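This report concerns only the one structure given below.
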Protein chains: 2
Amino acid sequence: MGNKQQITERIAALLKDSKLSVTETRTKILELFMKSNGALEHSDFEKLAGKSFDRVTVYRTLQTFLDKGIIHRIPTTDTSVRYAVCKSECTEHHHHDHHVHFKCEACGNTICLDDTNIPEIQLPKGFAANNVEVVVSGVCKSCK
Amino acid sequence: MGNKQQITERIAALLKDSKLSVTETRTKILELFMKSNGALEHSDFEKLAGKSFDRVTVYRTLQTFLDKGIIHRIPTTDTSVRYAVCKSECTEHHHHDHHVHFKCEACGNTICLDDTNIPEIQLPKGFAANNVEVVVSGVCKSCK
DNA sequence: CATAATTTTGCAACGTTGTTGCAAAATTAC
DNA sequence: GTAATTTTGCAACAACGTTGCAAAATTATG
């Protein structure tokens, strides 16, 4: 595992690739994503960050990352919005979110099961699929 | 198709089965569910109803229906909350939402594809699934 | 069917969440 | 290092959702 310095450099490179200025807020938020292996929601960023950022800045930063394809949203059945970092094959113009999200009913975490395949779903005639979102809920490995 | 009188009676019976008082609000909201073949969100109820109901009443009515297993929520990637009527096999204590939801990118509607099967998903070791939610987005039959 | 007990509704007030405009601060380009 | 650009934080606002309480409607009872 790289040390803190290396992570910061990787993040800076990622931001530059997306033609974004390298700022403290963006770096800190991306660090949080990389540290956590689960999905984060808005309130996490205001709490978890050592220094707390303005709400507005967090909203705008997440929106920017969404626009650039750096993160994606995970479906929920309530009003919360959860985010996770995208796999490398996601770009600004095309998303490949064809992986399974798992929500643990015990610890509340949502994680991406990147290596779990989504089987083909046979839709009725006349329906064309662009994207498939799967959220499995149950008990995760750690809580078992 | 039954006439209006018959629908009203069916709704009254459904409410009584769930040990709920038969009120104008609840009847009207269930009528809206039955007329629309898609998923509804909160704002629909305040707008669509001929007589408009108080926001609070709508929130509480939907929560009651959720508790009783009459409706269920459909996952979304934004802050909106969408509801659909449950199939008969849903009860107060156990839900069977194992059907596919389809969100049309053209008309914006979300519908339940009750007859579309969800294939078995092979989870990594240590994960136990309780419920699977699938939301497919694309273009629906009517918008094709 | 009239009255009592219970449930539901609407209002007011409040808290949370998300958005917009604008000036100050930080970052990048030169 | 300085100018141009981008990002941030503040203030104010709008939308969404919740809670307590009194009035109204529904259901239960004699």
Side-chain angles (χ1 to χ4, degrees), chain A residues 8-9 11-32 39-68 70-83 92 108, chain B residues 8-9 11-32 39-68 70-83 92 108:
Chain A
T8 305
E9 276 168 25
I11 288 174
L14 173 59
L15 288 171
K16 278 174 191 161
D17 281 352
S18 299
K19 303 199 196 319
L20 293 174
S21 304
V22 180
T23 68
E24 194 189 340
T25 312
R26 288 175 180 162
T27 306
K28 205 78 164 235
I29 286 182
L30 281 178
E31 268 175 30
L32 284 175
L40 299 173
E41 56 186 287
H42 180 88
S43 59
D44 292 331
F45 301 105
E46 293 176 56
K47 287 178 208 145
L48 290 182
K51 175 200 170 191
S52 62
F53 300 107
D54 191 77
R55 282 179 329 122
V56 180
T57 303
V58 175
Y59 280 116
R60 286 195 274 225
T61 302
L62 292 173
Q63 185 59 53
T64 302
F65 288 171
L66 279 177
D67 292 343
K68 295 293 184 178
I70 298 172
I71 61 176
H72 65 271
R73 286 177 167 172
I74 295 175
T76 62
T77 52
D78 57 26
T79 56
S80 70
V81 183
R82 311 201 130 208
Y83 302 86
E92 182 167 358
Chain B
T8 305
E9 277 168 24
I11 289 174
L14 173 59
L15 288 171
K16 277 174 192 160
D17 281 351
S18 300
K19 303 200 196 320
L20 293 173
S21 303
V22 179
T23 68
E24 196 190 338
T25 312
R26 288 174 180 162
T27 306
K28 205 78 163 233
I29 286 182
L30 280 178
E31 269 176 30
L32 284 175
L40 299 172
E41 56 186 288
H42 180 87
S43 58
D44 292 332
F45 302 105
E46 293 177 55
K47 288 178 209 147
L48 291 182
K51 175 198 171 190
S52 63
F53 300 106
D54 191 78
R55 281 179 330 123
V56 180
T57 304
V58 175
Y59 281 117
R60 286 196 273 225
T61 303
L62 293 172
Q63 185 59 54
T64 303
F65 288 171
L66 278 177
D67 292 344
K68 295 293 184 178
I70 297 172
I71 60 176
H72 65 271
R73 285 178 167 172
I74 296 175
T76 62
T77 53
D78 57 27
T79 56
S80 70
V81 184
R82 311 202 131 209
Y83 302 86
E92 182 168 358

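Throughout, protein chains are lettered first and strands after them, A, B, ... in sequence-line order, and every chain is numbered starting at 1. Computed from a predicted structure; not experimentally measured.
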A correct 5'-to-3' footprint of nucleotides 17-30 of chain C, with B, S and - meaning base, sugar-phosphate only and no protein heavy atom under 4.0 Å, is BBBBB-----SS--

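Here C:dG10 presents its C1' atom at 19 Å from CZ of B:Phe45, a figure rounded to the nearest Å. In this structure, CG of B:Leu62 is placed 10 Å from P of D:dG17, rounded to the nearest angstrom. Taking atom CG on B:Asp54 and atom P on D:dC16, their separation rounds to 15 Å, with Å as the unit. Note: CG (B:Asp67) to P (C:dT7) measures 15 Å, nearest angstrom. Nucleotide D:dT7 holds its C1' atom 18 Å from the NZ atom of A:Lys19, rounded to whole Å. Atom CG in B:Leu30 sits about 14 Å away from atom P in C:dT8, given to the nearest Å.
Between the CD atom of B:Gln63 and the OH atom of B:Tyr83 there is a distance of 7.0 Å, given to the nearest 0.5 Å. Rounded to the nearest 0.5 Å, atoms CG (B:Leu14) and CG (B:Leu20) are 8.5 Å apart. Atom CD1 of A:Ile71 is separated from atom CG of A:Leu66 by 4.5 Å, given to the nearest 0.5 angstrom. In this structure, B:Thr64 OG1 and B:Ile70 CD1 are separated by 8.5 Å, a value rounded to the nearest 0.5 Å. Atom CG of A:Leu62 is separated from atom CD1 of A:Ile29 by 5.5 Å, given to the nearest 0.5 angstrom.
Using a distance-only test at 3.5 Å, with no hydrogens or angles considered, no donor-acceptor pair links the side chain of A:Arg82 to the main chain of A:Arg73.
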Begin from the C-alpha positions of B:His42 and B:Tyr59 and carry the test ring pair (Phe, Tyr, Trp, His ring centres under 6.0 Å) through to its verdict.
-> CA-CA 8 Å; B:His42 180 87; B:Tyr59 281 117; 3.9 Å; yes

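Between A:Phe53 and A:Lys28, some side-chain heavy-atom pair lies under the 4.5 Å cut-off.
In this structure, the helix from C:dC1-D:dG30 to C:dC30-D:dG1 shows an angle of 40° between the axis at its start and the axis at its end, each fitted on 5 base pairs and rounded to 10°.
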